[in-house]
There are 2 protein chains.
Amino acid sequence: MPKIVDKEKMRNDILDAAMRVFVEKGYHATTVSNVAEAASLAKGTLYIYFKSKDAMTTAIVDRHLAGITEQIAAETLCQTLDAFLEDLQQTMDVPAEQAAFHRVFFEVFGPSFASDEFTDHVAQFFDKLGSYYAKQIAHLQKKGEIAEHHNAVSLGRVLASMLDGVVLHKGLFGISERRHRSMIKDAVTMFGKGLQSPTSSE
Amino acid sequence: MPKIVDKEKMRNDILDAAMRVFVEKGYHATTVSNVAEAASLAKGTLYIYFKSKDAMTTAIVDRHLAGITEQIAAETLCQTLDAFLEDLQQTMDVPAEQAAFHRVFFEVFGPSFASDEFTDHVAQFFDKLGSYYAKQIAHLQKKGEIAEHHNAVSLGRVLASMLDGVVLHKGLFGISERRHRSMIKDAVTMFGKGLQSPTSSE
DNA sequence: TGTTAATATGACCGATCGGTCATTAATCCA
DNA sequence: TGGATTAATGACCGATCGGTCATATTAACA
């Protein structure tokens with residue numbers, strides 16, 4: 001008897017629309033009406049699917065981080081330093097649209113919005129990312145590709161911070177594709193030499 | 001006959017107060033009244049010294065960046081790779097309060113606030129910072145301390161992004177002093193090996 | 001001390017925003 | 001097709017914010 005909609009799809013569609021508007025106008029400058037318009041819905045309808053603007057925002061970030069987390073989990077360990085460097089390079093070489101979202105991400109992440117729980121949640125994500133790099137590094141140390149003297153755990157975490165900085169700057173300052181590539185290449189080259197085991201070839 | 005105040009000092013005091021509140025509550029969550037209270041002034045008084053909240057914010061960022069720019073300009077060229085690495089290390093090893101401001105900085109820098117001119121302004125600052133590193137690198141390449149194959153310009157710029165990422169993460173996620181130090185140490189060690197000229201000693 | 005011009009104040013205003021809810025529209029089944 | 005139930009709507013509301021301005025206060029000089 002009743003009208004029935006795919007609620008999960010609806011939620012996702014709304015988040016897609018919200019993300020588009022956030023990237024265009026910024027989080028704080030976007031009104032719920034803006035999101036509704038972008039989603040071709042009335043404002044009231046949004047509140048059927050999300051209990052507040054905050055909840056919508058949290059959902060966007062959650063979905064985004066969950067996607068990357070999944071990607072990381074699926075990744076296999078690199079068997080050579082070169083493969084690992086390739087991995088790092090690709091992490092930084094994000095499409096412009098994703099870099100733009102990064103910009104929103106840090107706006108949302110300012111003290112105005114982020115609760116302690118939310119902060120913890122995202123902090124955990126970056127710790128996970130750091131652990132992933134640490135695992136790769138430890139593995140390559142065992143294989144003699146990366147110098148033993150590095151502390152895999154903290155090096156992994158600082159790598160996560162540094163890569164994030166590179167991507168963020170691209171999104172914030174609209175660094176051109178060409179320049180960004182060049183920057184990445186230099187960083188990766190330096191990483192390679194810096195990590196390399198002294199007994200390794202070359 | 002009239003009452004006279006030191007307008008420049010007043011402006012600075014107001015900016016100090018605003019900065020304190022921004023760090024505590026976040027930029028978008030801070031009202032002009034909050035700033036007034038923190039400065040022990042009435043709201044209307046603020047508008048004698050700044051024509052809008054935006055103008056106040058821009059002034060804060062300008063002052064902050066000008067301070068760093070000055071610092072950079074005063075810096076002399078490093079004569080050894082170790083000295084340069086020490087420089088990088090100190091850049092990342094910022095006091096907690098400055099890292100906290102970084103957090104606000106990126107919130108302000110979201111698309112909600114930042115105009116194109118403002119973005120350009122800050123982009124230029126980071127380019128300047130990148131140029132500074134590039135100059136150091138080029139100098140050390142001439143002295144045979146850093147490998148010739150690096151492109152000083154783009155390596156300098158990517159260094160700026162990476163260091164920024166490290167500092168930002170400290171501010172955002174409240175990474176502990178101990179952990180942060182450990183991360184910095186690893187990064188610097190890696191930088192050292194990565195930059196080092198193959199003909200160099202050690 | 002009284003005068004006067006600069007400075008400070010905070011009640012007030014228009015605009016806007018997140019969120020609500022009475023009403024309407026849509027859809028499935030009998 | 002008609003009735004029952006879910007889904008969608010947008011006018012409306014209370015709260016809040018940036019910004020203004022008529023008024024009060026302050027301090028330098030005669």
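Residue numbers start from 1 in every chain, and the chains themselves are labelled A, B, ... in the order their sequence lines are given, proteins ahead of strands.
- Electrostatic pairing of Arg20(B) and Asp16(B) does not count as a salt bridge here, judged by no charged N lying under 4.0 Å from a carboxylate O.
- Heavy-atom nearest nucleotides on DNA chain C were determined for Gly44(B) and for Ile4(B), and the one closer to the 5' end corresponds to Ile4(B).
- The distance between atom CD1 of Ile48(A) and atom P of dT9(D), rounded to the nearest whole Å, is 8 Å.
- Taking side-chain N and O atoms only, Lys53(B) has a distance below 4.0 Å to OP1 or OP2 of dG18(D).
- Residue Glu37(A) places its CD atom among 12 or fewer non-hydrogen atoms of other residues, nucleotides or ligands, all under 6.0 Å distant.
- Here the nucleotide nearest the side chain of Ala42(B), chosen from dG18(C), dG18(D), dT9(C), is dT9(C).
- For Lys43(B) against dG19(D), a side-chain N or O and a base N or O form a donor-acceptor pair under 3.5 Å.
- Checking dG18(C), dA8(D), dG18(D) against the side-chain heavy atoms of Val32(A) singles out dG18(C) as nearest.
- Interatomic distance, Leu159(A) CG to Phe84(A) CZ, rounded to the nearest 0.5 Å: 5.5 Å.
- One finds a side-chain N or O of Thr45(A) lying less than 4.0 angstrom from the OP1 or OP2 phosphate oxygen of dT9(D).
- Remark: C1' of dC17(C) and NZ of Lys25(A) are 12 Å apart, rounded to the nearest angstrom.
- If you measure from atom CE of Met56(B) to atom P of dG18(D), you get 9 Å, rounded to the nearest angstrom.
- Among the nucleotides dG19(C), dT7(C), dG19(D), the one closest to the side chain of Lys3(B) is dT7(C).
- Distance OH (Tyr47(B)) to P (dA22(D)): 18 Å, rounded to an integer number of Å.
- Rounded to whole Å, the distance from NZ on Lys51(B) to C1' on dG18(D) is 13 Å.
- Distance from the side chain of Tyr49(B) is smallest for dA8(C) among the nucleotides dA8(C), dG19(C), dG19(D).
- Between Phe101(A) and His64(A), the two ring planes are tilted [angle within 30° to 60°].
- Taking only side-chain nitrogens and oxygens, Thr31(B) never comes nearer than 4.0 Å to OP1 or OP2 of dC17(D).
- Between the Glu145(A) side chain and the Leu81(A) main chain, a donor and an acceptor come within less than 3.5 Å of each other.
- Applying the 4.0 Å criterion to OP1 and OP2 of dT7(C), one finds that Lys7(B) has a side-chain N or O inside that range.
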